[in-house]
Amino acid sequence: DSLDLCFFCRLHFVQPSYPQMNVMFLKTHKTASSTVMNILFRFAEKHNLTLALPAGQSYHLGYPHRFMAQFVEGFKTMGQSYNIMCNHMRFNLPEVRKVMPNTTTYFSIMRNPISLMESSYAYNKFFTPAFRRSKDVNEFLASPWTYYNMSEYRNNVHARNYMWFDFGYDNNAMDTEDYVQRVLAEIEQAFQLMLLTDYFDESMVLLKETLGWELDDVVYFKLNSRSQDTIKSMTPESKEKVKEWCSLDWKLYQHFNRTFWRRIQETIGLEKLDQEVNILRMRQKELMELCLLDPMPIDKTKIKDKKLQPFQSGRANILGYNLKEDMANETLRTCLRLITPELQYMSYLYARQFPEKKRKSTAFSLWRR
Ligand SMILES: Nc1ncnc2c1ncn2[C@@H]1O[C@H](COP(=O)(O)OS(=O)(=O)O)[C@@H](OP(=O)(O)O)[C@H]1O
């Protein structure tokens, strides 16, 4: 409990100015973090903010190496003058602090390790040795040590305690009470807010309240989702096994699930949360009707504008969107921002922020078409 108390005193202590413009988002993997990133990119554009983007041709901030300030484009000359940082990285607080201003709000997102494992398996199927060797996620979980080789450490991080690794810790560490408590305390010290993929809309309401943002800032279209046929159903035994195989992540998730609901209770309360979630969903529906040709995300082969296809990986069939035709210019821009996949959007922002630098390979002119 003392941990949670500290969590709240920090919030009161470092009261940011509103709306908060300095934000660091630790983009964990397979947690709906690309949808969050899209929200942050749109906010950055709206307020003309400076992003801490990956240097050169890179699409991430040095992952799986621990983050270093020099991984950020322009760091040597720009110092702490960035507003928003949200690309994949393996978290390393002292180095992040060199890049982001002292008034920055830090937040991240966590997902139930069971569905996270299934998602990671599909996505990293041909990359991660432990996944390559097994037939499917159920076979892998039936006897993970048959497929998981410690010597392949870095390449196997997607197969065990993936979130623990992204937060900068050893995903193969011994699960002892003291160690886990120390890590949880450190994460609470560093992050003012922890969201949950599994309660995404509730998370968006909490995010907007914490940062003093507007509802439209956190309205989103789901990005990086998969077609139903690439989602493998997990056996009850597999689900139980994840809790043991990824016990560090399981404890992490349980802890931040508790603090999430406590935060809701102590801030907006469940009743207002419900109302706000409904408003968010109504606005989302309105925008989907305004922007989209189809009512649901669609298969990559059905995406008419090939430049708007999301990056594909492993066995996952990552879905995307088609926009309606003949929209007025302003509407088209709003809609396009909501559906642009992360690599294309990032490349566009990079080219805008560093016009003199060589463009990233997925760069294309998003708004002039
Ligand atoms: N709004 C919302 N609510 C709930 N879940 C969502 C949402 N947006 C994305 N997703 C799911 O998140 C998974 C993709 O995560 P990431 O974008 O973090 O992936 S990545 O690491 O950047 O590749 C991917 O999960 P799987 O479909 O299980 O693979 C998405 O479906």
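In each ligand, atom 1 is the first atom listed, and ligand 1 is the first ligand listed.
- Atom numbering of ligand 1 starts at 1 in the shown order; those under 4.0 Å from a heavy atom of Lys27 are 22 (O).
- Taking the ring axis of Tyr345 as reference, the NZ or CZ atom of Arg337 does not stay both within 45° of it and closer than 6.0 Å to the ring centre.
- Taking the six-membered ring for Trp and the full ring otherwise, His29 and His88 have centroids separated by under 6.0 Å.
- Nearest non-hydrogen protein atom to atom 4 (C) of ligand 1 is Thr197 O, 3.8 Å.
- Shortest contact from atom 21 (O) of ligand 1 to any protein heavy atom: Lys30 N, 2.9 Å.
- What sits closest to atom 3 (N) of ligand 1 on the protein, heavy atoms only, is Phe200 CB, 3.5 Å.
- The Glu342 neighbourhood of ligand 1 comprises atoms 22 (O), with distances under 4.0 Å to a heavy atom of that residue.
- Every atom of ligand 1 is numbered from 1 in the order shown, and the set under 4.0 Å from a heavy atom of Thr35 is 8 (N), 9 (C).
- Both cation-pi conditions hold for Lys30 and Tyr123: the charged atom is under 6.0 angstrom from the six-membered ring centre and inside a 45 degree cone around its axis.
- Close contacts between ligand 1 and Leu223 involve ligand atoms 8 (N), 9 (C) [criterion: under 4.0 Å to a heavy atom].
- Using a distance-only test at 3.5 Å, with no hydrogens or angles considered, a donor-acceptor pair links the side chain of Asn138 to the main chain of Thr235.
- Among protein heavy atoms, the minimum distance from atom 12 (O) of ligand 1 is reached at Ala32 N, 3.1 Å.
- Salt bridge status for Glu118 with Arg226: present, with a side-chain N to carboxylate O gap under 4.0 Å.
- Of the N and O atoms on the side chains of Thr28 and Asp166, not one donor lies less than 3.5 Å from an acceptor on the other residue.
- Closest non-hydrogen pair, Leu252 versus Ile187, comes out as CD1-CD1, 3.6 Å.
- For His88, the heavy-atom gap to ligand 1 drops under 4.0 angstrom.
- When Val137, Leu116, Ile114, Asp249 are each tested for a side chain to side chain contact (heavy atoms under 4.5 Å, CB included) with Val242, only one passes: Ile114.
- Listed by number with element, the atoms of ligand 1 under 4.0 Å from a non-hydrogen atom of Arg226 are 26 (P), 27 (O), 28 (O), 29 (O).
- In this structure, atom 17 (O) of ligand 1 lies nearest to the protein heavy atom Ser34 OG, 2.6 Å.
- Between Phe191 and Phe167, the ring center distance clears the sub-6.0 Å criterion.
- Here the two rings, on His65 and Phe71, have centers that are 6.0 Å apart or farther.
- Atoms of ligand 1 lying under 4.0 Å from any heavy atom of Thr31, numbered from 1 in the order shown and given with element: 15 (O), 16 (P), 18 (O).
- For atom 25 (O) of ligand 1, the closest non-hydrogen atom on the protein side is Arg111 NH1, 3.1 Å.
- The shortest N/O to N/O separation between Ser115 and ligand 1 does not fall below 3.5 Å.
- Residue-ligand proximity, Thr28 to ligand 1, at heavy-atom distances under 4.0 Å covers atoms 18 (O).
- Among protein heavy atoms, the minimum distance from atom 18 (O) of ligand 1 is reached at Ser33 OG, 2.6 Å.
- The shell of residues lying under 4.0 angstrom from ligand 1, judged by heavy atoms, excludes Asp198.
- Within the structure, ligand 1 has Tyr220 among the residues with a heavy atom less than 4.0 angstrom away.
- Counting heavy-atom neighbours within 6.0 Å of Lys76 NZ, excluding the residue itself, gives a total of 12 or less.
- One finds a salt bridge joining Glu286 and Arg283 here, because a Lys/Arg side-chain nitrogen approaches an Asp/Glu carboxylate oxygen to under 4.0 Å.
- In terms of protein heavy atoms, atom 30 (C) of ligand 1 is closest to Asn224 O, 3.4 Å.
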